[in-house]
Amino acid sequence: MRVWSKSEAQYVDHCIQEDLGMPLGYAMENAGHGVADVISEADVQSIFIICGTGNNGGDGMVAARHLKALGKEVFVYIIGDIDKGTSLCQEQFAICQKLELITDSLDMLPTCDCIVDAIAGTGVVGDLRDDLRQELDVIQTHIQKMTYEPLVVAIDVPTGLVADTGAVDPATLAADVTVTLGAVKQGMLLYPGRSYCGTIVEKGLGVSWDMFIEPSRTMYVTTEFAKKLLPQRIPTAHKGTNGHVVILGGSEGMYGAPVMAAEAAVYSGAGKVTLAVPTSCLDIVTQKVMPEVMTGSFGNMLHVRMHTVDKDAVAIGPGLGRNQEAKEMVRNFVNTFEGPLVIDADGLFALGRIETMGTTFIDRERPAVLTPHPGEFAALTGMTIADIEASRVEVAREFATKHNVVLVLKGAPTVVALPGGHVYINGSGNEGMGTGGMGDVLTGIISALIGQGLPESRAAVLGVFLHGNAADRLHEVKPFGFTPSEVAREIGTSIQALMTEEE
Ligand SMILES: NC(=O)C1=CN([C@@H]2O[C@H](COP(=O)(O)OP(=O)(O)OC[C@H]3O[C@@H](n4cnc5c(N)ncnc54)[C@H](OP(=O)(O)O)[C@@H]3O)[C@@H](O)[C@H]2O)[C@@H](O)CC1
Ligand SMILES: Nc1ncnc2c1ncn2[C@@H]1O[C@H](COP(=O)(O)OP(=O)(O)O)[C@@H](O)[C@H]1O
Ligand SMILES: [K+]
């Protein structure tokens, strides 16, 4: 599903008029009609529509007209000075006035079973002004006093949700349904914004927009989308064609991380998996790991090279430790290994600031996959975690393009940014995943998918989705307390569910 930034929404708005010569009112008519369709499908009879004086308010008034025509009781309440509104908004206001839909008080709001937020959409500039905040607070108080819960519908975005970042004004009304126009806005998929949107329904503008903006620059990864990324298995597939994955990790006291990564690779369909650990860890790791995983050890770079030469995917980092020796080993390996590579956890730590790696990543023919959580990404970039979280899509995009890597910036939601500048916002996963080892499992999944022949970009996007989807299945049974290993064991079921998903 395509995701729009605020500037893309505004650019489409511009192109509809300038390039197509189509009056924007046509798009508004479609938008408002779409909103009315959604509301009319809900079991509500009386609708209180709160409109601003921009085009979002215009959409609200178009919806009002359609809902009235469907026999609903409709009230339109305007916030702001209509005389200073956009011409389209004024035009719709004049019609609504003649239809006697306009009310100048909130008195009827508590009698309605649906409240529509058409105050503002992508046109909000800066923080909400205090006068609007006060109006929203009054509306909120009215809603809270109601003896039943009205259906709250937001048009395009809930007013005060920042369309690019997902930041939300304290006065923003939380919606049960957000009818978004053209395409979902980025901030609706990012927290805290995501919690304010309720169910997201996309409605078209009556015109295709993909001739104006790149159709795939930012995508939301849904089940239908992920299904298209699955690897195909030929009937004659054997362990040689399904990829040999090597996990390099482990250190004294950190045996679990590489074991979980290796086992996740097995559960994700790798043909063969070798877990290579420092010599001192070999015995204990061999006892711990499932029998399907082969084990090996390394004491120097030569051993590391022997384990990794000609392999189909190599992941470095889980549980490797942070001592100088480990750090040098990682840097040396990353600087010289040209095969398919995933770097996670202590492997990322060893890189330090990404600039210290010179042109290592830029020179690679196959981009490396880096899987940092925000803390690790902060160490790679020198940014604060707060700044990363405030614009995770844009910082991920910039990093991936600048350094020629597939960046998996983990979190809620995880975003995958590709060297070409495309970003995939993951649509699976849940809060039950916040438990040690969950990232190690993801590393194993992505490595196994690369080993099965998927390009790094596709493996990362699909791997992140499958990881979250497997956890979502466990979450249905228990909200938290499921383990990373259980998530790994669920991957096959997630793949099966994707395969049988209806188009
Ligand atoms: N994409 C498309 O192709 C199409 C898009 N369409 C629709 O157009 C919408 C965008 O419309 P837009 O650009 O007119 O702005 P919009 O969201 O109504 O906001 C303006 C209102 O917000 C207010 N306001 C602003 N800042 C504020 C603040 N800090 N604090 C307080 N108030 C503030 C501002 O008040 P003012 O500052 O003028 O007093 C005014 O009332 C878009 O979301 C979608 O719904 C469809 O109609 C068809 C095709
Ligand atoms: N609230 C959440 N919603 C969705 N995914 C989450 C959430 N919390 C954690 N995750 C996922 O769990 C994984 C945790 O990875 P990481 O922090 O590297 O764990 P570890 O270092 O313990 O292996 C990431 O893939 C992350 O996206
Ligand atoms: K709105």
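Throughout, residue positions are numbered sequentially from 1 according to the sequence presented. Atoms within each ligand, like the ligands themselves, are counted from 1 in listed order.
For the residues Ile155, Asp59, Val35, the heavy atom positioned nearest atom 6 (N) of ligand 1 is part of Asp59. Among Asp127, Val12, Leu132, the residue whose heavy atom lies closest to atom 28 (C) of ligand 1 is Asp127. Considering Gly58, Cys89, Gly121, Gly60 only, the shortest heavy-atom separation from atom 16 (P) of ligand 1 involves Gly121.
Of the polar atoms of Val125, at least one N or O is found under 3.5 Å from an N or O of ligand 1, judged by distance alone. Residue-to-ligand polar distances keep Gly57 apart from ligand 1: every N/O pair is separated by 3.5 Å or more. Any N or O atom pair closer than 3.5 Å counts here, and Gly123 shares at least one such pair with ligand 1. An N or O contact shorter than 3.5 Å links Asn55 to ligand 1 by distance.
Within the 4.0 Å heavy-atom criterion, the part of Thr414 lying near ligand 2 is the side chain and not the backbone. Only the backbone of Asn430 comes within 4.0 Å of ligand 2, counting heavy atoms alone; no side-chain atom from C-beta on gets that close. Residue-level proximity to ligand 2 for His373 is carried by the side chain, the only part with a heavy atom below 4.0 angstrom.
The single protein non-hydrogen atom nearest to atom 19 (O) of ligand 2 is Gly439 N, 3.3 Å, given as residue, atom name and distance. In terms of protein heavy-atom proximity, atom 30 (N) of ligand 1 is nearest to Arg129 N, 2.9 Å. Scanning the protein for heavy atoms near atom 26 (C) of ligand 2, the closest one is Gly411 N, 3.9 Å.
Protein heavy atoms are absent from the 4.0 Å sphere centred on atom 24 (N) of ligand 1.
Listed by number with element, the atoms of ligand 2 under 4.0 Å from a non-hydrogen atom of Gly437 are 20 (P), 22 (O), 23 (O).
Taking distances strictly below 3.4 Å, the protein N/O/S atoms close to the K ion (ligand 3) are Asn56 OD1, Asp117 O, Asp117 OD1, Ala120 O, Ile155 O, Val157 O, Thr159 OG1.
Between Gln17 and Pro23 the shortest side-chain heavy-atom distance does not fall below 4.5 Å.
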